[in-house]
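To keep things clear, I will list the structure first and then write my remarks on it.
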Amino acid sequence: MTVDEYGSMTSALRVFLDAVSVAGRGADFSALAADLHCWADRLAAHRVDEPHRAFGGRFDLPGRGQTMTPLFDPSTVTPVRVEGTAYFGDYFLGSNNAAHGGAVPLLFDEVLGRIVVERGPRARTAYLRTDFRAITPIGRDLTVRGWVDEVCGRKLFLRAELRDGEVLCAEADALFVVLRQDAP
């Protein structure tokens with residue numbers, strides 16, 4: 001599978017997940033389930049170890065080539081800040097045209113993780129606190145940015161915000177800890 005084919009497939013998968021989330025009870029879910037089992041069987045023969053997987057490791061694609069998080073398309077990524085566009089499709093609906101509350105911290109972890117990856121040494125999220133300030137709408141482009149607030153030894157204190165135009169939807173503060181070389 002080429003680079004373009006993989007990106008096209010993950011994009012189509014996002015469209016499919018959005019379609020599943022808005023489908024009514026009359027949809028032919030039995031046939032879809034059978035089709036999905038066939039696709040899973042086709043991919044089973046191509047299983048590889050984590051370092052060789054495309055899913056989540058393709059920094060050249062929006063969302064790193066995975067569909068677990070809301071779509072994040074970075075415009076700036078440096079060792080101290082990241083900025084870009086976020087998009088919560090129908091799949092991430094909580095209710096009343098608002099993103100599910102659990103999807104917002106997931107986006108922040110993805111965004112702040114970009115800074116950590118850019119810095120070099122591997123790190124893990126120790127905590128991530130999200131404060132919700134307004135509804136996070138689905139179905140439109142939002143602005144997200146993150147930055148390094150402080151570095152103290154192996155501890156990286158990071159902050160982020162998510163905006164719908166001038167409206168602050170949510171903000172976060174996080175601690176990432178740089179791993180020791182022998183850590184999993």
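- Within the 4.5 Å cutoff, the side chain of Lys155 has no heavy atoms near those of the Val178 side chain.
- When each of Leu107, Val117, Leu156, Leu128 is tested with Leu112 by the rule side chain to side chain contact (heavy atoms under 4.5 Å, CB included), just one qualifies, namely Leu128.
- Between Arg129 and Asp173 there is a salt bridge, with a side-chain nitrogen of the basic residue lying less than 4.0 Å from a carboxylate oxygen of the acidic one.
- For the pair Arg81 and Arg145, the minimum side-chain heavy-atom distance is 4.5 Å or more.
- Ion pair Glu161/Arg163 flagged as a salt bridge, since at least one NZ, NE, NH1 or NH2 atom sits closer than 4.0 Å to an Asp/Glu carboxylate oxygen.
- With a 4.5 Å cut-off on side-chain heavy atoms, Phe108 and Val144 count as touching.
- Heavy atoms of other residues, nucleotides or ligands lying less than 6.0 angstrom from CG of Asp35 number more than 12.
- Here Arg154 contributes atom CZ and Leu175 contributes atom CG; the two are 10.0 Å apart, rounded to the nearest 0.5 Å.
- Looking at heavy atoms from C-beta onward, Phe88 lies out of side-chain contact with Leu71 at the 4.5 angstrom threshold.
- Note on Arg114 versus Glu110: salt bridge recorded, some NZ/NE/NH1/NH2 to OD/OE distance being below 4.0 Å.
- Between Thr125 and Asp109, the side chains place a donor N or O and an acceptor N or O closer than 3.5 Å (distance only, hydrogens not considered).
- No side-chain heavy atom of Val177 sits less than 4.5 Å from a side-chain heavy atom of Leu179.
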